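Every value quoted in this text rests on a predicted model; they were computed, and no experiment measured them.
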Amino acid sequence: GTVLVLEHLKCSLHDLINDNRLNLKSKISIACDIAKALDALHNKFKVVHRHLKFEHILVDENYRVKISNFKDSVVEKNIPTNGLGSDYYL
(Lines give C-alpha, C1' and ligand atoms only; values in the text may rest on other atoms or scores of the structure.)
Protein backbone atom coordinates (compact mmCIF):
# COMPACT_ATOMS: atom_id res chain seq x y z
CA GLY A 1 0.00 0.00 0.00
CA THR A 2 0.84 3.66 -0.09
CA VAL A 3 2.33 5.36 2.94
CA LEU A 4 2.35 9.13 3.47
CA VAL A 5 4.95 10.46 5.90
CA LEU A 6 4.52 13.99 7.21
CA GLU A 7 6.84 16.22 9.18
CA HIS A 8 5.29 18.61 11.69
CA LEU A 9 6.78 22.09 11.38
CA LYS A 10 5.52 24.90 13.58
CA CYS A 11 6.99 27.87 11.72
CA SER A 12 6.37 29.42 8.32
CA LEU A 13 8.47 32.01 6.52
CA HIS A 14 5.59 34.41 7.18
CA ASP A 15 6.04 33.87 10.95
CA LEU A 16 9.80 34.45 10.78
CA ILE A 17 9.44 37.63 8.74
CA ASN A 18 6.71 39.06 10.97
CA ASP A 19 8.71 38.28 14.13
CA ASN A 20 11.87 39.78 12.58
CA ARG A 21 13.86 36.65 13.55
CA LEU A 22 16.07 36.35 10.47
CA ASN A 23 19.62 37.58 10.10
CA LEU A 24 21.17 38.13 6.66
CA LYS A 25 22.84 34.70 6.56
CA SER A 26 19.52 32.97 7.31
CA LYS A 27 17.69 35.05 4.69
CA ILE A 28 20.22 34.10 2.02
CA SER A 29 20.10 30.43 3.01
CA ILE A 30 16.30 30.37 2.92
CA ALA A 31 16.20 32.16 -0.45
CA CYS A 32 18.64 29.61 -1.91
CA ASP A 33 16.61 26.70 -0.52
CA ILE A 34 13.40 28.10 -2.04
CA ALA A 35 15.13 28.49 -5.41
CA LYS A 36 16.46 24.91 -5.25
CA ALA A 37 13.06 23.53 -4.26
CA LEU A 38 11.28 25.36 -7.08
CA ASP A 39 13.95 24.28 -9.55
CA ALA A 40 13.39 20.64 -8.55
CA LEU A 41 9.61 21.01 -8.71
CA HIS A 42 9.71 22.58 -12.16
CA ASN A 43 12.54 20.71 -13.84
CA LYS A 44 12.57 17.28 -12.19
CA PHE A 45 8.90 16.75 -11.34
CA LYS A 46 7.26 19.20 -13.82
CA VAL A 47 5.06 20.60 -11.03
CA VAL A 48 3.81 24.19 -11.01
CA HIS A 49 2.84 25.18 -7.45
CA ARG A 50 0.49 28.03 -8.54
CA HIS A 51 -0.02 29.45 -5.03
CA LEU A 52 3.39 29.97 -3.46
CA LYS A 53 3.42 32.54 -0.68
CA PHE A 54 5.21 33.07 2.64
CA GLU A 55 2.58 31.09 4.56
CA HIS A 56 3.19 28.02 2.35
CA ILE A 57 6.94 27.98 2.93
CA LEU A 58 7.62 26.11 6.16
CA VAL A 59 10.95 26.41 7.95
CA ASP A 60 12.41 23.92 10.41
CA GLU A 61 14.60 24.68 13.46
CA ASN A 62 17.72 24.60 11.24
CA TYR A 63 16.16 27.08 8.77
CA ARG A 64 15.67 24.39 6.12
CA VAL A 65 12.76 25.09 3.81
CA LYS A 66 9.80 22.84 3.03
CA ILE A 67 7.26 23.90 0.41
CA SER A 68 3.66 23.12 1.41
CA ASN A 69 0.06 23.40 0.20
CA PHE A 70 0.04 21.78 -3.21
CA LYS A 71 -3.75 21.80 -3.61
CA ASP A 72 -3.64 24.17 -6.62
CA SER A 73 -0.55 22.57 -8.18
CA VAL A 74 -0.53 21.03 -11.62
CA VAL A 75 1.83 18.75 -13.48
CA GLU A 76 2.84 20.31 -16.80
CA LYS A 77 4.88 18.86 -19.63
CA ASN A 78 5.83 22.38 -20.69
CA ILE A 79 6.10 24.81 -17.80
CA PRO A 80 4.49 28.13 -18.85
CA THR A 81 6.66 31.23 -18.60
CA ASN A 82 3.75 33.63 -18.12
CA GLY A 83 2.39 34.32 -14.63
CA LEU A 84 0.06 31.99 -12.76
CA GLY A 85 -1.66 32.26 -9.40
CA SER A 86 -2.49 35.33 -7.35
CA ASP A 87 -1.32 38.63 -8.80
CA TYR A 88 -0.51 39.86 -5.29
CA TYR A 89 2.20 37.22 -4.89
CA LEU A 90 3.74 37.37 -8.37
So does Arg64 get a backbone contact from the side chain of Asn62, meaning a donor-acceptor N/O pair under 3.5 Å? no
Would you mind reporting whether Val59 and Asp33 have side-chain heavy atoms less than 4.5 Å apart? no
Show me the donor-acceptor pairs within less than 3.5 Å that the side chains of residues 3-14 make with the rest of the protein, sequence neighbours left out.
| unit_1 | atom_1 | unit_2 | atom_2 | d |
| --- | --- | --- | --- | --- |
| Glu7 | OE1 | Lys66 | NZ | 3.4 |
| Ser12 | OG | His14 | N | 3.3 |
| Ser12 | OG | Asp15 | N | 3.1 |
| Ser12 | OG | Asp15 | OD2 | 3.3 |
| His14 | ND1 | Asn18 | ND2 | 3.3 |
| His14 | NE2 | Asn18 | ND2 | 3.1 |

Between Ile17 and Phe54, is there a side-chain heavy-atom distance shorter than 4.5 Å? yes
Rounded to the nearest 0.5 Å, what separates atom CD1 in Ile28 from atom CG in Leu24? 4.0 Å
Same cluster or not: Leu22 versus Leu58, using hydrophobic residues (I, L, V, M, F, W, Y) connected whenever any side-chain heavy atoms lie under 4.5 Å apart? no
Check: His42 and Val47 side chains under 4.5 Å, non-hydrogen atoms: no
Taking the side chain as C-beta and beyond, is there a heavy-atom pair between Ile67 and Val65 under 4.5 Å? yes
Quick check on the hydrophobic clustering: are Leu41 and Ile57 connected, directly or via other members, by side-chain heavy-atom contacts under 4.5 Å? yes
Within this structure, what is the CG-NE2 distance for the pair Asn69 and His56, rounded to the nearest 0.5 Å? 3.5 Å
For residues 57-76, pull every pair meeting ring-ring contact (aromatic ring centres under 6.0 Å, His included), keeping only residues two or more places apart or in separate chains. His49-Phe70
Under the 3.5 angstrom rule, does the side chain of Asp19 hit a backbone N or O of Arg21 as a donor-acceptor pair? no
Atom CG of residue position Asn20 - does it have more than 12 heavy atoms of other residues, nucleotides or ligands inside 6.0 Å? no
Give, for atom CD1 of Ile34 and atom CG of Leu52, the distance between the pair rounded to the nearest 0.5 Å. 7.0 Å
Enter the distance from His51:NE2 to Ser68:OG here, rounded to the nearest 0.5 Å. 10.0 Å
